[in-house]
Amino acid sequence: MLVQLKALPSLFLRPVEIFRGYRRADLRPDALAGLTVAIISLPQAIAYGLVAGLTPQMGLYTAIVAPIVAALWGSSSQLQTSPTTALSLLVLASLAETARSGSAQILVAAGLLAVVAGLAQVALGVARLGMLVNFVSDSVIVGFAAGAGIQIASGEFRHLFGLTFTSRNLPQTLEQLAVHLPQTHLPTLALGLVTLLLMLALRRWRPKWPATVICLVVATVLLVVLRLDAAGVRVIGRLPRSLPPVTPLPVFDLSLLAELAPGALAVASLGLIQAMATARSLAAETGERIDNNQEFVGQGLANIACGFLSGYPCGGSLSCSAINNEAGARTPVSGMLSGVFTLAGMLALAPFGAYLPRAALSGVLIVVGFAMINRRQMLQVWRSSRGEAAIMIVTFLGTLLLRIDFAVLAGILMSLAYFILQTSAPRVVTMVPDQDFRHWVNQPDKPGCPQLAIMDIRGDLYFGAVSHIEEAIRQHRLSHPTQRFLLLRMHSVDYCDISGMRMLESILRTYRDRGGDVFMIRVRESVLHLMRSTGFYERLGADHFLKEDEAVEHLFYKVLDPAVCIYESGVRIFRECQNLPRPDYAIQIPLQAEPAARRPGGPPTLPAIVPKVLWQQLHEEAPPLVVDVREAREYRHGHIPQAQLMPLSTFLDGTVELPQGRRIVFVCQSGRRSQRAASLVDGSSAGAISMLEGGMLAWEAAGLLEAVDESA
C-alpha cells in the first residue's frame, strides 16, 4: 500500500514527463499525424454524436477534449481517444430510460455518465489494477483488430456507393448493400474509388508520404473542379463554430447517479477494453511498452473532462489510432495536437466542410481498415496452440457478427478460462540426465532410475492445480512401483499456497509410508518461506533440500541401493552409476516394489535386529557373524566392526560358504539386499539368520559407525 501511495503522484505528473523528454525533431511528424487524424475525426465525431442520440456539437466537443487530456495523461504514443461507435451505441442504450433523445436532460445525463465512468477508470488506475487487462491475451487483440478492421471497411461501403441504409453487423451490411446496389450513385462511387486507389498507390510506392492528407486534398479539388456536389456527391457540410462550454452537472443528484451507475460501469469497462486492446495492438507493431495503470488514469481523466465540457463518454478509437500510427506519430503530443487541430478546424475551417466529400473519407477508411488485418500475426496464433487459435477465431467472428463489446468480452472470458485451464493443469514431467550428464531433459522413451523418480513441476502449486499435480505424481508412482524415492525440481514453482503445502505433505507421507522419501532442489525463496511458516520444512528435513549439482551424488551414496541397479535392472542413468559392475549372468531376481518385509502376502519376514541390539550382541562372548552384502566400495566408505564383506553377487553365483550353527546377521545399505541374500542361502548350511533393520543407514543414524577404510 505504501508503494502505491508513493507512486501515486507520478500517475498525475505524466505531462511533465512527456514535455521534459520531448525532442524538437518529433514535432513535424507529430503535427502531421495530428492534422491527419483531425481531418478524419471531424466527420466521425458528428456521426458518432448522432449515433449516441445526442447532438453533433457534443460529438465534436468530445473529439476536441478527449484526445488532448488522454494524450497528456495516457501511456501510448499512438492511441487516439475520441468518440467511438461501440461507446456511442452503449451511451444510447444507457440513456434510453433517462430522458427523451435530444432533450436538454439527456445532454446533462450524458455528461454525468462520462464523469461517473471516468471516476471509476481513474480509481482502477490509482489502485494499480491495470494488471486486469493482462488477462486479455494477444489472441484477443489479433482477432479483435482483424474483425474491427473489416467492420470499419464494410461500414464505409454505403458511403462509398452513395447509398443510405443502416446495419449493425457485417451480414446486415452485405445484405443491405446487395438490396440497394442498383441505387448506387456513380459519381460518388467514382470519387471514392479514385481516393481508394490513390491511397493504395501511395502506401505501396511512397509509404513515407502523408497519404491520407494527399488523398483528401485531391478529392476536394476534384469535387470543386468537376462540381460533383451539384451532381449529388455528399459532403460533410458546415461545422459549428463555438468553444466547448462548461456544463454544470448535478453531481449530487443521488437518484440520477443511481440510475446511471450500471450504464457508467458498462461504459467504463468497454472504454478501457477498447483503449487497451487498441493500444496493445499498435504496441505489437511499434514495440512500445504500455503502462496499463497510467492508461487507465488517462482514459478516466479524459472522460471526466469531456463530461464537464459538454461532451459524452469516450474511448480508444481503433480507426483514428491506426491513422495516427500510419501518419507517423512518434509521441503522445500527436494526440494532443489532433484535438487542437480539430478545434481549429471547427472554428476556422467550418465553411470548408462543404467541400470535403464523404466518399473520399470512405476510401481512406476502407484501406486503413483492411490494413489492420495482420495476416502474419494471425498465422502465428493459428500455429501456436488450439486454445489460442480458438480465442482468436471467436473474437474475430464475434467482432463481425455481434456488438463489439460482446465480442471483446467473449474473447476476454475465453482467455480467462484458458488461463485457468492452463494454470490448473501444469505439466509434471520426468527428467533424466542428457548424454553428457550436464543437463536435465524430458525423455519419456528413455528408462529411468529403478529407485529414484526425478520430476519437474512446471507451474504453480495453488488450490486450482494441486489435484492435477498430485494425481500426476500418483499415476507415475503406480506405474513405477520400484521408485521409492522422489526428487522434485521446484524452480518453475513461483507461487505456492496452503493447498500446495497440504499436497506436498500428502506426497511425503505416501512415500515415507512405503519406505521411501522425498527430496527437493531449486526451491524458490518465497516457497521456502511458506514451507518454514507451515512447518513443512522441518517435517521434510533441512537435509532433504539439496543443491542441484550435488543432489544425485548425495542420493546415490547416501540413499539409493546400488545393488538394485546391478542385480535387478542393469540400467545406468547417472554419471555415478556408470562404473557399477555389470554381472555376466542373467538377472534372475525380479524387480520388486518394496522389501519383502513390507509386501503383504510376500515371503516370510526375515527377523530384524535394531542397531542398538546388534551393537550389544557384538560385545558378547559369542557374537553373531555380520555379513555385509554391499559392494566393496560401499564397504570401504564405512562398515560395522568385524563385518565380513560378501557382496550379493557371490550369493548369486553360488560361491559363498557360510559357517553352520552360527548366528548370521545380514547387513546392506537399507535392507533390500539383505532380504535377497537371505533368500538365496541354503537353510541347512547356516544357523539362525536375521538382518539389520534399516541397514547401514539406520546404523549410521544411531551414531555407531566406527570402521572406515582410510584408503577408500
Taking [X] for the side chain and [Y] for the main chain, is one N or O donor matched with an acceptor at less than 3.5 Å?
X	Y	value
D30	V333	no
W73	F12	yes
T62	G311	no
H185	A231	yes
N303	V115	no

**Q.** Residues E17, R20: salt bridge by 4.0 Å N-O rule
**A.**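 Salt bridge flag = no for R20 with E17.
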
Side chain to side chain, [X] and [Y], heavy atoms closer than 4.5 Å:
X	Y	answer
Q299	M276	no
V108	P250	yes
Y61	P245	yes
T395	M392	no
D229	V233	no
L202	I214	yes

Q) Taking all atoms of both residues into account, what is the closest heavy-atom pair of L124 and L272, and its distance? A)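 Looking at all heavy atoms of both residues, the closest pair is CD1-CD1, 3.8 Å.
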
Q) Can you name the nearest heavy-atom pair linking I373 to A146, along with the distance? A)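 Closest pair (atom of I373, atom of A146, distance): CG1-O, 3.8 Å.
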
In terms of side-chain heavy atoms, does [X] have a donor or acceptor partner in [Y] at a distance below 3.5 Å?
X	Y	result
T164	R234	yes
S154	T173	no
Q80	S338	yes
S75	Q294	no
D26	T331	no

Q: Check the pair T84 / S317 against side-chain hydrogen bond (donor to acceptor under 3.5 Å, both in side chains), numbers first and verdict last.
A: CA-CA 6 Å; T84 67; S317 171; over 6 Å; no

Q.
Would you compute the distance between atom CG of L113 and atom CG of L95 and round it to the nearest 0.5 angstrom?
A.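 Rounded to the nearest 0.5 Å, the CG-CG separation comes out at 5.5 Å.
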
